[in-house]
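Per chain, numbering begins at 1; letters A, B, ... match sequence-line order.
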Amino acid sequence: ADIISTVEFNYTGDLLATGDKGGRVVIFQREQETKSRPLSRGEYNVYSTFQSHEPEFDYLKSLEIEEKINKIRWLPQQNAAHFLLSTNDKTIKLWKISERDKRAEGYNLKDEDGRLREPFRVTELRVPTLKPMDLMVEASPRRTFANAHTYHINSISVNSDYATYLSADDLRINLWHLEVTNRSFNIVDIKPANMEELTELFKKKRITDVKFSNTANTGSHKSWRWFHVELCVLSAVFEEPEDPSSRSFFSEIISSISDVKFSHSGRYMMTRDYLSVKVWDLNMENRPVETYQVHEYLRSKLCSLYENDCIFDKFECCWNGSDSTIMTGSYNNFFRTFERNSRRDTTLEASRESSKPRAILKPRKVCTSGKRKKDEITVDSLDFNKKILHTAWHPVENIIAVAATNNLYLFQEKVN
Amino acid sequence: EDIEGTLAGIKAIPSYNLQRQSLLDMSLVKLQLCHMLVEPNLCRSVLIANTVRQIQEEMTQDGTWQMINTQSTGQASLDRLVSTDILCRSSRDQAEGKHVPAYGTFNKDFESDQAQDSSETMSTASSVQAPRNLQSNVWEMENPQENKGNFQKSLDQIFETLENKNPNSVEDLFSEVDNSYYDLDTMLTGMMSNTKMGHCDSLETFSSPTNTPSNSNCKSDLNDLDHIVEILVES
């Protein structure tokens, strides 16, 4: 199993897709409740596995293009088949996942094992019949959208018109039509003419996420199509003034946004930087309404974390379905949840040792002061190779998917 | 006098300047695209480049820059950067986060040649608020100022753009091919950017200059590269 690089529930939460560093996509499906196995409801089992992207070589730059899947987005479901977009740094692919549980038997021109029959052996005609077979889930690539991004694609967003979608890298956003692979439209370009200015630009803005707005879908006026797009072009607009007393050489790096997520209600926005999560009211730009410290104890370790590159780790964050709780990952396979109303925060660990099936997770604590209490972990004994970057929350229920390196953990809120 | 031996027993916090220098060295190594197999993440590269520039601005402002260069020997001062062990680390070491050995070759007047613990006090040291107008000074240093040494040149090259320095790039600008990738290379490593089939091979055919006494093979290769860089920039 390879390192998981993205996790995404579909719209109903019945399907969960993961992408990994090796270019593979694994889809899990939630078991339906059955009389024979009442306890199996809520379990996710492997539904389909396929190789989405292969490594490529860019001859012009003499560099490899990683097959690592950066993002997966499900399309709204229209028929029995499921569609998703998966992307690596450079290429987006549309995949169709369909079930086959019947097959045709009784062909005229070929035998049951597929060999062609000699024409003169066909003495009578018959109509092939459909017979049930074991369920087979097939994934087939339907479209490949390539060569539109100079930099690494970090986000895609599908329009609910089921026809168009956006792809974004750090500096550009392109609009695609799902039927057209040889052309895309560049709608946002913040690349400066002078690359020197890029360093200044990055302090002010950088594209981290794109999303079609939920509010206004498409209308039409003569030959125009309208759509609203929420662009997470992080500008100085949504920026908290820096505290000058805490400024260091690492200030800019740790304040760099690694993930942005809009709340389901559309009223709030959550940003993740290296040490904290901030919730912003979209009507108030000058400061966040809530700030949650994820692992403040790392602030004194920034130099080491810069040396081993951990300071560049891009942690994601997510909302629960009702926007009452937010979740994000940390090191040592820890992840944190924050209840917004009660301000209660919990640290949990995703590891085999601490996660027996059906057992309740024990809260963890990192020891920040000198005296270590029992069951606490000191900062120096944290394993920085075990990082939880990718997490996802079921759209409706309190089920969370946590990717810990090459393992996927699914946790459910215990309902008494 | 065995300075190293004397200091070996002392667990002192390295001076701020030394820490800052090591951070600078570390950052420059991270920017070296020739160590990468895969195209580096733009965000990461820009953040590291910004860190380098911040350090340089601060060093310029508190006069450390001047002081360094007035005390240097007749050697090309680029050696100072070249001779730190950090540059000879393989990229694999980097990935494993191996601890960096001594930066003591930095300046003979610095007392501590001790291997440095990556001390955390650096991040909380009082910072010099480099005013933003310093940025214009940085770019203006493209004018040859010999007392800044070649180190300044290589740093400038990191931030140079196609239009300013590389004559061959002008026609590229107007071609239909998108040369953004070239921008990135040029911006980050200047003349030291090397496509694997391009510069590296041709540069190795140049003879090495006979200036530095202590050399591993790695260091001599880097010396070659810097020598070429000098020639190409001054032409």
Side-chain angles (χ1 to χ4, degrees), chain A residues 55 57-66 68 89-90 147 149-152 154 169-172 191-203 206 208 244-254 256-258 299-312 314 384-385, chain B residues 19-20 22-23 26-27 30 33 36-44 46-51 53-55 58 94-100 118-127 129 132 135 139 159-164 177-187 194-198:
Chain A
F57 193 77
D58 184 336
Y59 291 95
L60 217 48
K61 300 184 220 183
S62 217
L63 290 169
E64 289 175 13
I65 299 175
E66 277 191 305
K68 173 169 71 83
D89 285 338
K90 299 288 181 180
N147 300 322
H149 284 276
T150 309
Y151 304 105
H152 294 177
N154 58 33
D169 60 34
D170 283 309
L171 299 175
R172 292 196 178 99
K191 177 173 178 280
N194 182 347
M195 283 298 273
E196 267 178 27
E197 293 167 28
L198 188 64
T199 55
E200 272 304 313
L201 177 79
F202 257 56
K203 291 178 193 167
R206 183 180 101 243
T208 54
S245 65
S246 67
R247 188 168 150 66
S248 73
F249 287 123
F250 307 111
S251 296
E252 190 191 334
I253 299 176
I254 63 170
S256 168
I257 306 288
S258 57
R299 194 180 285 271
S300 58
K301 304 282 178 197
L302 293 178
C303 201
S304 308
L305 294 166
Y306 182 76
E307 187 182 8
N308 64 13
D309 259 17
C310 282
I311 206 174
F312 299 106
K314 290 197 181 308
F384 290 94
N385 290 319
Chain B
Q19 292 174 45
R20 183 173 59 185
S22 77
L23 184 64
M26 204 192 300
S27 306
K30 285 181 191 293
L33 292 181
M36 313 261 184
L37 295 168
V38 177
E39 190 177 9
N41 185 271
L42 178 68
C43 184
R44 176 179 177 273
V46 170
L47 287 172
I48 298 173
N50 278 353
T51 307
R53 199 174 63 168
Q54 265 186 69
I55 296 173
E58 195 184 279
Q94 250 174 285
E96 290 166 7
K98 283 224 174 87
H99 185 65
V100 180
S118 54
S119 167
E120 319 314 329
T121 59
M122 175 144 193
S123 56
T124 55
S126 61
S127 63
Q129 290 291 336
R132 281 301 136 213
Q135 183 189 344
W139 308 137
F159 295 107
E160 270 166 18
T161 60
L162 288 172
E163 300 130 78
N164 291 343
V177 176
D178 182 11
N179 285 321
S180 313
Y181 64 86
Y182 193 27
D183 293 345
L184 182 61
D185 282 350
T186 311
M187 179 188 91
N194 54 343
T195 58
K196 294 211 170 55
M197 49 191 176

[X] side, atom [atom1]; [Y] side, atom [atom2] - distance, nearest 0.5 Å:
{"X": "Tyr151(A)", "Y": "Asn41(B)", "atom1": "OH", "atom2": "CG", "answer": "12.0 Å"}
{"X": "Phe312(A)", "Y": "Lys30(B)", "atom1": "CZ", "atom2": "NZ", "answer": "6.0 Å"}
{"X": "Arg44(B)", "Y": "Ile311(A)", "atom1": "CZ", "atom2": "CD1", "answer": "11.5 Å"}

Within 6.0 angstrom of Asn147(A) CG, more than 12 heavy atoms from elsewhere: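 Atom CG in Asn147(A) is not packed in, count stays at 12 or less.
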
Proximal component of Lys68(A), with respect to chain B [non-hydrogen, under 4.5 Å]: neither

Segment of Phe384(A) engaging chain B (4.5 angstrom heavy-atom cut-off):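 Neither part.
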
Heavy-atom pair of closest approach, residues Cys43(B) and Lys314(A): SG-NZ, 3.6 Å

State, with a plain yes or no, whether a side-chain heavy atom of [X] is found less than 4.5 Å away from one of [Y].
{"X": "His152(A)", "Y": "Leu42(B)", "value": "no"}
{"X": "Tyr306(A)", "Y": "Leu47(B)", "value": "no"}
{"X": "Cys303(A)", "Y": "Gln19(B)", "value": "no"}

